[in-house]
Colleague: 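Here it is, the structure in full.
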Amino acid sequence: MEKAERIVSTTGNHNCGGRCLLEVHVRGNRALRITGSKRRFGPEGRQLLPCVRCGSYLKRLYHPDRLKYPLKRIGKRGEGRFERISWDEALDHIAGELKRITGIYGPQSRYIHYATGIMGKLAEKEFFRRLLGIYGGGYLNYYNSYSTACTDYATPYTYGTARTGSSRETLKDSKLIILWGHNPAETIFSTGTLSYLKEAKVRGARVIVVDPRRSDTVKALADQWIPLRPTTDNALMDAMLWVMITEKLYDEDFLRRYCLGFDEGQMPPGIPPGNSLVSYVLGSSDGIPKTPEWAEGICGVPADRIRSFAREFAGAKPGALIQGYGPQRHALGEQPVRGATVLAAVTGNVGISGGWASGAGTFKRFSLASVPVYNPVTASIPVFLWTEAVTRGTSLRSEDGLSGTEKLDSNIKFIASLAGNCLVNQHSDIRRTEAILKDESLCEFILVSEEFLTSSAMYADVLLPSTNFLERIDIAASDTLGEYAIFQNQAVEPQFERRTGYDWIAALAERLGVGEEFSRGRGYEDWARFIVDETRRAVPDFPSYERFRKEGIYYPVYEKPHIAFEEQIRDPENNPFPTPSGKIEIFSERLYRMNRPDDIPAVPKYIPSWEGPEDELTEKYPLQLIGWHSRRSTHSTFANLDRAHKTEALAVWINPRDAEERGIRDGGLVRVWNDRGTVEIPARVTEDIMQGVAAMPQGGWYLPDQNGVDRGSSINTLTGFKPTPLAKGNSQHTILVEISPSKTPG
Ligand SMILES: Nc1nc2c(c(=O)[nH]1)N[C@H]1C(S)=C(S)[C@@H](COP(=O)(O)OP(=O)(O)OC[C@H]3O[C@@H](n4cnc5c(=O)[nH]c(N)nc54)[C@H](O)[C@@H]3O)O[C@H]1N2
Ligand SMILES: Nc1nc2c(c(=O)[nH]1)N[C@H]1C(S)=C(S)[C@@H](COP(=O)(O)OP(=O)(O)OC[C@H]3O[C@@H](n4cnc5c(=O)[nH]c(N)nc54)[C@H](O)[C@@H]3O)O[C@H]1N2
Ligand SMILES: [Mo]
């Protein structure tokens, strides 16, 4: 007899920017379909509705290409030849290599890679950290992320913290919303952000989007689209400041009370004259007034438009300048981050409802507890530099961003990549990465856990088949804005030999002789219970395990919306900003003392970028290429599904004038290339991208043919490996290329 259909409550598990509430319709052991829960939360009765990618979860779950059994490499590393082995063999092999490598090179040789395929608190990588903390003395840490390296690193130089977001409810008070390199129509930035923005618009807010691309957000919301050349945001910002300063449109009272370094009267003692923001903008220090005409030549925005934009922002109070992460995933990504904080301060929009301090809005109302990890190793590398730590770890110094130690004891020799694709596909300059990984004398063992044979999984020495999130329980917090948490119930039983991380990591701990210390007698679900119990200690109204599991969600109601720096503005005497001066530091003495004015200036500045529009390399590669986080995929996740192509075809956007010059037609196959590699991809000839710029979605699966031409269109075939000056962040949107029609019959 057909079993009755039941509904299982869960949420998506990947790094998609949202955390929606899903209902999986299940019969027997078969998930039939997924729908969004209609439940409403909070005083405004908000729903946590899914987006287009949620429609693909079952396609992934039941995909014929999913890994079924543990595999062991047989050919050379990266060749992609594997043989099926048993779990016992796999775990024996991993245990043996861990022992051997730890014995020779010590704990700093062990690295657990950045991986965002599982966003739950019971992710494999969490348990693997726990294991390496217990067995063998720890592991090499990383800091930063591929997402927010410059935002997180540079924002505190202004405000003392990177937690600068406010509740989205406050946008209803905004008269003007500037989305600067921010595209929440595609990137979500917490479930429902687009609806908050739409509501603000209905209440009369004007929306301006600054983006080289006419993004989905431009189409959905913008009253005005301001396209500019990538990497030149600070030229536009500088000129806006020039208008505000010369026309006295700045908030004088706000600057006097809360800020440091605006003009020469407001500088810390001992700093020579000419270092304030005003001196820079007016050109009294370098002889270049940062006029709109000056900026137009750099960023491509007409001078009159810059003037009206500056006047509008200065006049529309409260106004919210919300910056995505796109502008900071660039060569000098620290500058647009700091530049946006300064514009918010100069217009007096910090700490008030309807204003916005900076960034896309991270803050946390509460935090979920984590699996306890004790890592005795304090050494930490910037995440983007992991390939450097493989090739020359012991020569890294603090100038390279190494922290927690003067010098590493070892290069990286063991990598565990658990639910990530940053080993190859999502890290810069794939050919360079491949050469490093192919050399088995560098990193001696690579462990990968995956659902699919991705380009990273191709480099595994042992490749483990993971369960899908619908085949296990987990607990996940809302993304970006820590406002609620969802219990992920298990919808179906795993098939074949797929295993959940905790299960095989506990078995590995047994083999290493630390089974009991690792598990503390807990099974997987006991750890879920542990997370809830620990969370309840800090968050008293967090539900009990049973209730949370049954209700599926913890969505607290707060008395009032969160406004970043509200106390600092209301009562500055008792609530200084957490900066050295206690003020909003437009001029940062800490940056000044680094003594690198050319690439780490003390006030934010336009600095011509390498591989930017002013680089000589434009003679050879005249087009600036940017990637973006398209609705078609979550990074490389979903990108292999037909459905992704239906949502948005993988194509490179090129302006009609650039296309015509090159004999490129819409839909025709083209080659996008530079010294690092070549991608073959269809062209989309469109006015949606400004002249001189091209764009392709990030996340395509790297698929080189025999000549090394990437037919899978991973943008990282083209990206370069050069970290940003201060944060050592990933400059993955800064790329110069040429594009020409392909000779391959399309
Ligand atoms: N659909 C989807 N959503 C996602 C993700 C995904 O993969 N797919 N990933 C999630 C994750 S992990 C993250 S970190 C976020 C990423 O979020 P973001 O980093 O904000 O996303 P991007 O698409 O890289 O950049 C945002 C916008 O900046 C524009 N841009 C690029 N260069 C410049 C520039 O120089 N100046 C200006 N002004 N604009 C520029 C791009 O065209 C794009 O429209 O998204 C999250 N949401
Ligand atoms: N050029 C360029 N590169 C970029 C970016 C860019 O904008 N441009 N964006 C960067 C950003 S912001 C980020 S966050 C990173 C993201 O990079 P990653 O963290 O590598 O994210 P994904 O590409 O989504 O890879 C996640 C992998 O986890 C696997 N997975 C999913 N669920 C499970 C599971 O339950 N178990 C296991 N074992 N595996 C699972 C998926 O199959 C997928 O291969 O990429 C960065 N790389
Ligand atoms: Mo990210």
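Just follow the structure's listing: the first ligand is 1, and inside any ligand the first atom is 1. Here the structure is a predicted model, which is why all the values come from computation and not from measurement.
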Colleague: Write down, by chain and number, every protein residue that brings a non-hydrogen atom to less than 4.0 Å from an atom of ligand 2.
Modeller: H14, N15, R60, Y114, A115, T116, G117, I118, E124, Y146, S147, R329, A419, G420, N421, C422, Q426, S449, E450, E451, T454, S466, T467, R472, H629, T634, H635, S636, T637, Q698, I715, N716, T719, Q732, H733
Colleague: Should you measure from each heavy atom of W180, which atoms of ligand 1 turn up under 4.0 Å away?
Modeller: 38 (N)
Colleague: Distance to the ring centre below 6.0 angstrom and angle to the axis at most 45 degrees; does that hold for R53 and F638?
Modeller: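 No, R53 does not sit over the ring of F638.
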Colleague: Below 4.0 angstrom from a heavy atom of G324, which ligand 1 atoms are there? Numbered from 1 as shown, please.
Modeller: 20 (O)
Colleague: Identify, by atom number and element, the atoms of ligand 1 in contact range of N183, meaning under 4.0 Å from any of its heavy atoms.
Modeller: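 This gives 44 (O) as the contact atoms.
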Colleague: Going by atom types alone, do S456 and N425 pair a side-chain donor with an acceptor below 3.5 Å?
Modeller: no
Colleague: Only heavy atoms of T231, strictly under 4.0 Å: list the atoms of ligand 1 that pass.
Modeller: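 Answer for ligand 1: 35 (O).
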Colleague: Salt bridge check, E434 against R431: does any charged N sit closer than 4.0 Å to a carboxylate O?
Modeller: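 Not counted as a salt bridge, because no side-chain N and carboxylate O are separated by less than 4.0 Å.
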Colleague: Heavy atoms only, cut-off 4.0 Å: how does H330 contact ligand 1, side chain, backbone, both, or neither?
Modeller: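 It is the side chain that touches ligand 1; the backbone stays farther off.
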Colleague: Can a side-chain donor-acceptor contact be found between E334 and T724 if the only test is distance below 3.5 angstrom?
Modeller: yes
Colleague: Applying side-chain hydrogen bond (donor to acceptor under 3.5 Å, both in side chains), name anything that partners D503, two or more places apart in sequence or on another chain.
Modeller: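 Residues passing side-chain hydrogen bond (donor to acceptor under 3.5 Å, both in side chains) with D503: R499.
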Colleague: At a 4.0 Å threshold, what atoms of ligand 1 neighbour a non-hydrogen atom of F189?
Modeller: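 Every atom of ligand 1 under 4.0 Å from some heavy atom of F189: 17 (O), 20 (O).
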Colleague: Below 4.0 Å, non-hydrogen atoms only: which portion of T217 touches ligand 1? Side chain, backbone, both or neither.
Modeller: neither
Colleague: Does the ring center of Y621 lie less than 6.0 Å from the ring center of W673?
Modeller: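 For Y621 and W673, the ring centres are under 6.0 Å apart.
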Colleague: Can you sort out which atoms of ligand 1 are near R631, meaning under 4.0 Å from one of its heavy atoms?
Modeller: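 Every atom of ligand 1 under 4.0 Å from some heavy atom of R631: 1 (N).
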Colleague: Could you tell me whether some N/O pair between R229 and ligand 1 is separated by less than 3.5 angstrom?
Modeller: no
Colleague: Looking at the rings of H14 and Y57, which for Trp means the six-membered one, are their centres under 6.0 Å apart?
Modeller: yes
Colleague: Which ligand 1 atoms, with their elements, are less than 4.0 angstrom from a heavy-atom of R53?
Modeller: 1 (N), 2 (C), 3 (N)
Colleague: May I ask you to say whether E648 pairs ionically with R631, meaning some side-chain N is under 4.0 Å from a carboxylate O?
Modeller: yes
Colleague: For the residue pair Y146 and F384, categorise the inter-ring angle as parallel (less than 30°), tilted (30 to 60°) or perpendicular (more than 60°).
Modeller: perpendicular
Colleague: Please determine whether a side-chain nitrogen of the Lys or Arg among E388 and R432 lies less than 4.0 Å from a carboxylate oxygen of the Asp or Glu.
Modeller: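 Yes, E388 and R432 are salt-bridged.
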Colleague: Measuring from the heavy atoms of Q328, does anything fall under 4.0 Å of ligand 1?
Modeller: no
Colleague: As an exercise, identify every atom of ligand 1 less than 4.0 angstrom from a heavy atom of E186.
Modeller: 1 (N), 2 (C), 3 (N)
Colleague: Strictly below 4.0 Å, N to O, side chains only: are D642 and K59 in salt-bridge contact?
Modeller: no
Colleague: As a test of understanding, state which of E497, E451, E450 forms a salt bridge (charged side-chain N to carboxylate O under 4.0 Å, His left out) with R66.
Modeller: E451
